[in-house]
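The shown structure was predicted, so the numbers you read here are calculated from the model rather than taken from an experiment.
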Amino acid sequence: MTSVSCWASLIHPVSLCNIPDDIVGARAPGDIIIGGLFAVHDKVANLENRTQPGRLRCSGFDLSVFLQAQAMIYSIKQINNSTFLPGVKLGYEIYDSCSEVITAIQATTRFLSKFNSSDSRIEVHCNYTDYIPNVKAVVGDVYSEISIVVARLLNLYLIPQVSYASSAETLSDKAKFASFLRTIPNDGHQTYAMAKLVEHFNWNWVGAIASEDAYGRAGLNSFFTHAARLNICVDFHEFIPIHDNEQHSAKISATAEKIMNSTANVMITFLRALDVIKLFTILVQQNVTKTWIASDSWSNSRQVASMNHIEKIGPVLGFTFKSGTIPNFKDYLKKLEVNPHDDKELDKDYISFVNKGDTNKPTWNDSNSQQNKPLTYNQIIETINESAIYGVYLAINAVAYALHRVLNCTQGNCDLSFNFPPWQLLNELKTISFTTEDGQFEFDRSGDSSIGYDIITWTMVKGSIQYVKVGNYNVVKRMIRINNNFGKTAKVAFSNCSRTCRPGEMKTLSNKNPCCFNCKVCLAGFYSRKNNSNNCEKCSEDQWSEEGSSTCQNRTIEFLQWRDAISVVLIILAILGVLNIFVILILFTKYLDTPAVKAAGGWMSYIMLFSLVLGFVSAVLFIGEPFECICKIRQPLFGISFTLCVSCILVKSFRIILAFSFNLTIHRRLKNVYKPVPIIIVTTVIQLVICSTWLSLNTPKSVQYRKNPKIILLLCNEGSYVAFAVMLGYIAFLACVCFVLAFKGRKAPEMFNEAKFITFSMLVYLIVWISFAVVYINIEASTKYFPVIESIAILASIYSILCCHFFPACYIVCFKKESNVESNYLTHAREHFKEKGHFVCPTTNVRRISEISTAGQPSTLIQTVPDSEFECQDNQTNQVKNCQNQILESNCLRKRHKSW
C-alpha cells in the first residue's frame with residue numbers, strides 16, 4: 001500500500017503552497033538559486049489573535065539585519081561579476097522570517113517547491129534522491145529557534161543550510177540536522193567562554209536571563225554546566241517568552257524585579273535585542289546598574305546601544321564572532337538606491353525606515369535628533385553588525401566554492417548542467433576549504449566553524465556607544481585572553497555570594513550554597529597567597545608566619561654569637577682567668593721551694609693550673625656556632641680537666657689528714673695508702689672511661705630546636721643525658737670526698753689552713769653545680785643563652801679554686817715574704833700544738849734522748865738520731881714530760897713538714 005501511495009503521488013503531484021511573489025523580500029533570477037532567510041522585522045503583528053491562516057504581516061524593521069541581507073546580495077553580485085564560476089549566474093530569493101518560526105516555515109515551503117514549477121508546488125515522493133527543489137542552498141536564519149525548525153524541514157531533502165548567526169549547540173547534532181552548517185562556532189564554546197570570563201574577574205555569583213526558546217534554554221543549560229565546574233553559582237535564572245503578549249510583558253517586569261532584588265551584580269544574558277530593550281527600559285527608569293555579559297545575539301546590537309541613557313545600565317561585556325571585512329561593501333551601501341517605487345519589499349521597508357516613516361523604530365541615543373530627519377549614511381554604517389555581515393559573506397563564498405566543485409569548473413569552464421540535486425552540493429560543501437584574510441576557512445565534522453570570538457565592551461564616546469575590543473577567545477585552545485590595559489583600568493564590580501577572602505584567609509563553605517562561604521584566618525605557621533584560597537598551606541620547616549599571613553618568612557637561625565654581650569663577658573672572664581694562671585705559674589715557679597708554695601700543692605700545682613686552663617677553654621667552647629666537633633669536645637674536655645684538678649685537691653686533703661693525725665695507728669694506715677701519683681691517675685682515668693663510653697655509645701651532636709616558630713635554635717644535644725649526669729656526678733663525688741677530708745683537717749695550724757680553703761672551694765663547687773642541675777632540668781632549651789648556664793658554672797668553679805687554692809699563696813709570696821720561711825711555719829705549728837695540749841717527741845730512743853739531754857750533751861747530737869727512729873706521738877703520759885728540748889721539737893716538726 002505504501003508503494004502504491006508513493007507512485008500515486010508522483011503521478012498526481014499535490015500543490016501544498018502557492019505564495020504570491022509580492023511576499024518575496026528580494027529576488028534575482030539565475031541559473032542556480034540560493035535562498036535567504038533574514039529576520040528583517042522584529043515580530044509578526046497580531047499573531048496571537050489569528051483566526052484564519054491568512055497572510056502574515058510583519059512590523060519593527062531592523063536595519064542591521066536588512067544590511068545582512070544586502071551582504072548576501074552584494075556577495076552574489078561579486079561572484080557573478082568575477083570569473084570564479086564562468087558561465088554560471090547565481091540568483092537569489094530572500095525572505096523575511098520576521099523573527100517568527102511560522103513565517104520562516106512559510107518561506108521554506110517556497111524553497112522546497114519544485115524547480116521550474118509554474119504553480120510553486122511541493123511534490124511528495126518516497127525517495128527524494130533525484131528531487132530538485134527551487135533552491136540549491138539556503139543562507140540563514142539569524143535566530144537558532146527558527147534555524148532549528150527550518151533545518152528539520154530541509155534535512156529531509158538534504159538541502160544545505162548555512163547559517164551565519166544561529167549558534168545553538170543542538171544544531172551540531174548531525175543525526176538530527178545533517179544538512180545544517182554554519183560559519184560560526186556553536187554556543188557550547190560561547191557559554192564556556194562566558195564562564196571563563198566570569199572566573200577571570202573572580203566572580204562566582206551571577207544572575208541568568210534567557211529567551212524561552214531553543215537558543216536561550218540550550219545556552220543557559222550549557223552555561224550552568226560549565227559554571228558548576230568552575231565553582232560559579234547562579235542566584236536566579238529567568239526565561240522570557242519570545243511572543244509579544246501580556247504574558248511576555250509581565251515576565252519582563254518580573255525579571256526586572258528579580259534583577260533589582262538580586263545580590264548578584266553580574267547578569268548572563270541569552271536574549272533577543274528587542275527583549276533586551278524592553279528590560280533595559282525598566283531598569284534605566286529604576287536606576288539599576290549591573291554588569292552585563294551579552295551573548296552574540298545582542299552584544300553588538302545598535303538598537304540596544306542607541307537607547308536613551310543606555311550608559312546608566314552599567315558595563316556591558318559582549319561576545320561577538322570574529323569578523324573580517326567585505327571588500328567595497330560600504331561603498332556598495334553608499335550607492336544603494338532608495339527609490340520609493342522600487343518593487344522589492346525589503347527595499348521599500350528600508351526606504352520607509354530611513355525616511356522615518358516607521359513608527360516602530362527604536363529611538364537613537366542622541367536625544368537631540370529629530371524624529372522626521374532622514375538617517376545619514378554614517379548612521380546607517382553604524383548599525384552594521386560586522387560579524388554577522390562577514391558570516392553572510394563566508395556562507396555565500398562557501399556555497400560558491402562547493403558549486404565550483406560540483407560543476408567541475410576548471411580553467412575558465414564549468415559544466416553547465418544545473419539539474420543536480422542539493423545533496424550533491426551538500427557533500428562538497430562539507431569538505432570545502434578556502435583562504436580568507438584571517439586564514440583558512442572550513443567546516444568541522446559538526447558543520448561548525450572555529451573562527452572564535454572577540455570580547456567587546458561598550459564605551460560611550462561623544463554621546464554614542466562604541467564597541468571596543470578588549471580580548472578574545474580561542475575555540476581550538478579553549479583559552480580566553482583579556483587585554484592587559486583593560487584588565488588594569490576596568491572597574492570590575494564585586495559579584496560574589498560572600499566577601500572575597502583576602503590573602504591570609506581561607507574559605508569555609510556554608511550550608512547555603514557552594515559559592516557562599518565564610519572566611520577563616522590562617523593559623524600561625526600557615527599562609528594563603530591568593531584571594532579566596534580553598535585552604536591554608538603550611539610553611540616549610542625553615543619558615544614561619546604570623547596568624548593571618550599571606551606569605552612565610554624564613555626562620556632566624558640563632559646561636560650564642562661571639563659578639564653578644566654575655567659572650568663578651570664570658571670571654572673576658574676566661575681570658576682574665578688564663579692570665580691569672582700564667583701569673584700564678586710564674587710566681588710558683590720562682591718560689592717553688594718556699595713553704596707557702598709547698599703548702600699550696602707544690603708540684604701538683606702545675607697539674608692543677610694546666611687543668612684549669614683546659615677548663616677555661618671548655619667554658620669558651622659553649623660560645624659560637626655549635627659544630628659537631630665542638631659539641632663532642634666541650635663536655636669531655638671540662639669533665640676530664642676538672643676531674644684532674646679535683647684529684648689533686650683530693651691528694652692535698654689526704655695529705656693534711658696525714659700530716660696532722662696523732663693517732664699512731666691511723667697515721668700508719670693513711671701513710672700506706674697515701675700515693676699521690678697513682679691516686680691522680682686512677683681517679684682521672686675513671687672519668688676518661690666514662691667520657692669515652694659516652695662518646696662511643698651516644699655522642700653529643702649539633703641539633704636544631706624548632707619549638708620557637710620564628711627561630712631555628714642551634715644547640716648541642718648532649719646525646720645521653722645519663723652519661724652527662726654520670727660525668728658531673730663523678731666530679732661531685734670526688735668533691736664530696738675532698739670536702740669530708742678537708743673538714744676533718746680543719747683544725748690544722750693557722751698557717752697550714754689549706755683544709756679551710758679546700759672545704760670552702762668544694763662547698764662552692766657543690767652549690768654551683770647543684771644550682772646548675774636544678775636550672776638545667778627545669779628550663780627548656782628555648783633560647784640561645786641556654787649554654788651560658790653551664791659556661792657560668794664552669795667559670796665559677798674554676799675561679800673558686802683559684803681564689804681558695806692559689807691566690808692566698810700568691811699573697812704570701814708577694815706581700816708576706818718574712819713569714820714564708822720554714823722556721824716561722826715550725827714555730828707556728830709548735831704553738832698550735834701546745835695550745836691544743838699536744839707535744840711532739842721521738843718515740844723510739846726516748847730514754848736515750850733524755851739521757852743525752854741530761855748528760856748535758858750538745859743539742860746537735862739530736863740531729864744524729866736516724867730519721868727512721870724519729871716519730872712523734874701524743875703527749876699524754878708523764879713519761880715524756882721531760883722531753884722539752886726545743887731542738888728536738890723543731891726536728892720533729894720539720895719531719896712532719898716534709899709531708900706537707
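Judged as a salt bridge (Lys or Arg N to Asp or Glu O under 4.0 Å), not a single pair has a partner in residues 794-804 (not counting sequence neighbours). Applying the disulfide (SG to SG under 2.5 Å) definition to pairs two or more places apart or across chains, those involving residues 615-644 are Cys631-Cys716. For residues 764-798, there are no disulfide (SG to SG under 2.5 Å) pairs, not counting sequence neighbours. Screening residues 622-638 for salt bridge (Lys or Arg N to Asp or Glu O under 4.0 Å) gives Arg634-Glu718 as the qualifying pairs, with residues at least two apart or on separate chains.
A distance of 10.0 Å separates SG of Cys522 from OH of Tyr527, quoted to the nearest 0.5 Å. From Thr508, atom OG1 reaches atom CG of Asn534 across 11.0 Å, with rounding to the nearest 0.5 Å. Note that CE of Met604 and CD1 of Ile679 are 9.5 Å apart. Values are rounded to the nearest 0.5 Å. Between the CD1 atom of Ile680 and the OG atom of Ser647 there is a distance of 7.0 Å, given to the nearest 0.5 Å. Distance CZ/Phe627 to CD1/Ile633: 12.0 Å, rounded to 0.5 Å. To the nearest 0.5 Å, atom CG of residue Leu713 and atom CG of residue Leu715 are 4.0 Å apart.
A donor-acceptor contact shorter than 3.5 Å is absent between the side chain of Ser549 and the backbone of Gly504. Checked by atom type and distance alone, the side chain of Thr684 never pairs as donor or acceptor with a backbone atom of Ile681 at under 3.5 Å.
Contact check for Phe760 versus Cys804: side-chain heavy atoms found under the 4.5 Å cut-off. In this structure the side chain of Ile801 reaches within 4.5 angstrom of the side chain of Phe642, judged on heavy atoms. Looking only at side-chain heavy atoms (C-beta outward), Phe815 and Ile812 stay at 4.5 Å or farther from each other. Residues Leu570 and Leu795 meet the side-chain proximity criterion, which asks for heavy atoms closer than 4.5 Å. Between Asn717 and Tyr705, the closest side-chain pair of non-hydrogen atoms falls below 4.5 Å. Residues Cys519 and Arg499 are in side-chain contact: their nearest non-hydrogen atoms beyond the backbone lie under 4.5 Å apart. Between Thr643 and Phe638, every side-chain heavy-atom pair lies at or beyond the 4.5 Å cut-off. Counting heavy atoms from C-beta on, the side chains of Trp694 and Gln635 come closer than 4.5 Å.
Residues Phe622 and Ser791 come closest through the heavy atom pair CB-CB, 4.1 Å. Residues Leu734 and Val646 share a closest heavy-atom pair of CB-CG1, 3.5 Å. Here the closest non-hydrogen pair linking Leu637 and Ser641 is O-OG, 2.7 Å. Taking all atoms of both residues into account, the shortest heavy-atom contact from Ser545 to Cys539 is OG-SG, 3.6 Å. Scanning both residues, Tyr730 and Gln687, for their nearest heavy atoms gives CD2-NE2, 3.6 Å.
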Check your understanding: Passes salt bridge (Lys or Arg N to Asp or Glu O under 4.0 Å), Lys530 versus Glu505? Steps please.
Key -> CA-CA 9 Å; Lys530 300 184 296 184; Glu505 297 176 334; over 6 Å; no
Point to revise | Pair Phe733-Leu728, side chain to side chain contact (heavy atoms under 4.5 Å, CB included): steps then yes or no | key: CA-CA 9 Å; Phe733 168 74; Leu728 295 178; over 6 Å; no
Exercise for review: Take Val677 and Trp603 through the side chain to side chain contact (heavy atoms under 4.5 Å, CB included) test and state the conclusion after the steps.
Suggested key: CA-CA 11 Å; Val677 175; Trp603 61 271; 3.8 Å; yes
Got a list of side-chain donor-acceptor pairs under 3.5 Å for residues 761-773, not counting sequence neighbours?
unit_1: Ser761; atom_1: OG; unit_2: Phe757; atom_2: O; d: 3.2
unit_1: Ser761; atom_1: OG; unit_2: Ile758; atom_2: O; d: 2.9
unit_1: Ser761; atom_1: OG; unit_2: His805; atom_2: NE2; d: 3.0
unit_1: Trp769; atom_1: NE1; unit_2: Ser797; atom_2: OG; d: 2.6
unit_1: Ser771; atom_1: OG; unit_2: Ile767; atom_2: O; d: 2.8

Anything under 3.5 Å between a donor and an acceptor, one on a side chain of residues 609-619, the other on a protein residue two or more places apart or in another chain? List them.
unit_1: Ser611; atom_1: OG; unit_2: Ile607; atom_2: O; d: 3.4
unit_1: Ser611; atom_1: OG; unit_2: Met608; atom_2: O; d: 2.6
unit_1: Ser618; atom_1: OG; unit_2: Gly615; atom_2: O; d: 2.6

Enumerate donor-acceptor pairs with a distance under 3.5 Å from any side-chain N or O in residues 552-561 to protein atoms, sequence neighbours excluded.
unit_1: Asn554; atom_1: OD1; unit_2: Gln543; atom_2: NE2; d: 3.2
unit_1: Arg555; atom_1: NE; unit_2: Glu541; atom_2: O; d: 3.4
unit_1: Arg555; atom_1: NE; unit_2: Pro709; atom_2: O; d: 3.0

What donor-acceptor contacts under 3.5 angstrom involve side-chain atoms of residues 571-589, with partners at least two apart or in another chain?
unit_1: Asn580; atom_1: ND2; unit_2: Leu576; atom_2: O; d: 3.1
unit_1: Thr589; atom_1: OG1; unit_2: Leu585; atom_2: O; d: 2.6
unit_1: Thr589; atom_1: OG1; unit_2: Tyr606; atom_2: OH; d: 3.0

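For Lys701, the NZ atom is densely surrounded, since the number of other residues' heavy atoms within 6.0 Å is greater than 12. Dense packing is recorded around OH of Tyr721, with more than 12 heavy atoms of other residues, nucleotides or ligands lying under 6.0 Å away.
Every residue was checked against the disulfide (SG to SG under 2.5 Å) condition with Cys814, not counting sequence neighbours, and none meets it. Residues satisfying the side chain to side chain donor-acceptor pair (under 3.5 Å) test with Asn698, not counting sequence neighbours, are none. Listed by chain and number, the residues in a side chain to side chain donor-acceptor pair (under 3.5 Å) with Lys590 amount to none (sequence neighbours excluded). In this structure, Arg529 has no salt bridge (Lys or Arg N to Asp or Glu O under 4.0 Å) partners at least two apart in sequence or on a different chain.
Taking the six-membered ring for Trp, Tyr776 and Phe724 have ring centres closer than 6.0 Å.
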